[in-house]
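Naming: A, B, ... by sequence-line order, numbering from 1 per chain.
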Number of protein chains: 2
Amino acid sequence: MTIMHLSESTEMYLKAMAELGGQDVIATARLAERLNVTPVSVSEMVRRLGEQGLVSHTPYKGVHLTKKGREVACNVLRRQRLWECFLYDHLKIDWSQVYEFACSLEHATAPEVTEALAGFLGNPQTCPRGNPIPAADGSFKPLDAMPLSEAKLGQTAQVLAVNATATDVLKYLQEKNILPGREVTVIEVAPMQGPLTLHVGGKDVALGLSMAEFVLVKKIKN
Amino acid sequence: MTIMHLSESTEMYLKAMAELGGQDVIATARLAERLNVTPVSVSEMVRRLGEQGLVSHTPYKGVHLTKKGREVACNVLRRQRLWECFLYDHLKIDWSQVYEFACSLEHATAPEVTEALAGFLGNPQTCPRGNPIPAADGSFKPLDAMPLSEAKLGQTAQVLAVNATATDVLKYLQEKNILPGREVTVIEVAPMQGPLTLHVGGKDVALGLSMAEFVLVKKIKN
DNA sequence: AAAAATGTTATGGCTGACCTTATTATTCCA
DNA sequence: TGGAATAATAAGGTCAGCCATAACATTTTT
């Protein structure tokens, strides 16, 4: 693997794609949203990433990670999630803030430090948000889960992971107790892309569909 | 204290000044050396830092930290050195590499993380290189030490701290056993800014004067 | 099939932190 | 005191990563 210096920005683009795409093709607009930049900026950056062989872009159809890009992205995710573990388990940083702090650290982490950290933490398999941590060799088994947004009325499911990254979103989910391990039941599905109403931890909670997309669950009943 | 985003570069300049100046006036050329940039770039940056009230510059006389600049610098040093402790004590990173890895992390560390880390580490007072760690409020008692470069022939002294930052320099000092806690005896002082010859750990070691400036010692005999 | 929405490209601009080269100012020292 | 060394300033350039605006292409919806 060629050694090259990837900028923080590059890492953020690749990570975003891994987080919200995995293998699939991703709309450039989704990237713009998640990264908080304009679509024009995404287009520019996607071209640069394409030139570096990290992504492959079919105009008007979306963009996806190449093998090389996915390797880099998994590496970034590994660092990110290991730091999340450290910040949460050892530094007792608030759950909703862990992602953003880990994100900064991630970009500044040399491979030696990453592996030493993994050892220190005991090679954890998931981060505090429930997402799997890719192995040092880049291998990565995605969760067998579905987005809560696809759950049917009456369904009870267990939250496996939260794939959101924005601190305010994480804070909201934390307050509403929509956290890994919890069980939620869908008690209402409003029409017209309206919110889901969930029963969780003895309370009813309304959750917008777009937020529900980032809550990954496993059916456990019905 | 006004909240503002200081760039990584700004932090590096201020840290460099704190490391090699403390209170004193520093020649812009020394900054250029340590930061590995041209004197012209230092001039530019010093102007910018001056405009932000972080340093005060008297042309041809040098530059020094303002109160505000020193506060920021101490904060940076605190983060830097706390990470050094973590990397060395917990991740078992090689002594000579700890500085550079900590340096990257430092710029990416939020105040909450800094303080949580300090707590986790048990509020250490010195970093693995022997330098004192400024307190959270910015207070900072410098070492009562002299540079080894000023030691006289025949002098025996104990190394208190190593103020070098370049990994190759640290590696050299590590190999030669010039480390905090060690005792060194000056057995020769070559003329014309020539090297010192030291006796340390049963061996004789030659040390250039400029490197010796970054080894801080306390006289213990003669 | 036309209109609306979405995605892409082109152009030009900005910022921070560097760089080089050349000129000018100051300080130091013999 | 005059030349050498050092420091500062000026002018112009680069690069990444963003921005806005506008034109154009494609896809989706009606």
As a test of reading the structure: which of [options] is closest to the side chain of [X], going by heavy atoms?
X       : options                : result
A:Ser43 : C:dT11, D:dG12, C:dT9  : C:dT9
A:Ala27 : C:dG7, D:dG17, C:dT8   : C:dG7
B:Met45 : D:dC18, C:dT9, C:dA17  : C:dA17
B:Arg48 : D:dA8, D:dG17, C:dA17  : C:dA17
B:Val40 : C:dC18, C:dT21, D:dC18 : C:dT21
B:Ala29 : D:dA8, D:dA7, C:dT20   : D:dA7
A:Tyr60 : D:dT9, D:dC19, C:dT8   : C:dT8
A:Thr38 : D:dA20, C:dG7, C:dT8   : D:dA20
B:Lys61 : D:dA10, C:dT8, C:dT27  : C:dT27

Point to revise | Length of the line joining B:Arg47:CZ and C:dC18:P, which is rounded to integer Å | key: 13 Å
Point to revise | Contact under 4.0 Å: B:Ser9 side-chain N or O vs C:dC18 OP1/OP2 | key: yes
Review point. Would you say a side-chain N or O of B:Ser7 is under 4.0 Å from OP1 or OP2 of C:dA17?
Key: yes
Check your understanding: Under 3.5 Å, is there a donor-acceptor pair between the side chain of B:Lys68 and the main chain of B:Gln52?
Key -> yes
**Study point:** Salt-bridge criterion met for B:Glu33 and B:Arg30 (N-O under 4.0 Å)
**Key:** yes
Point to revise | Check ion pair B:Glu175-B:Lys171 (N to O, under 4.0 angstrom) | key: no
Point to revise | Exercise: identify the closest heavy-atom pair between A:Pro132 and A:Lys141 | key: CG-O, 3.8 Å
Revision key, fill the gap. Of B:His57 and A:Tyr13, the one whose nearest nucleotide on DNA chain D sits closer to the 5' end is B:His57
Check your understanding: What does B:Pro39 touch in the nucleic acid at a heavy-atom separation under 4.0 angstrom: a base, only the sugar-phosphate, or nothing?
Key -> nothing
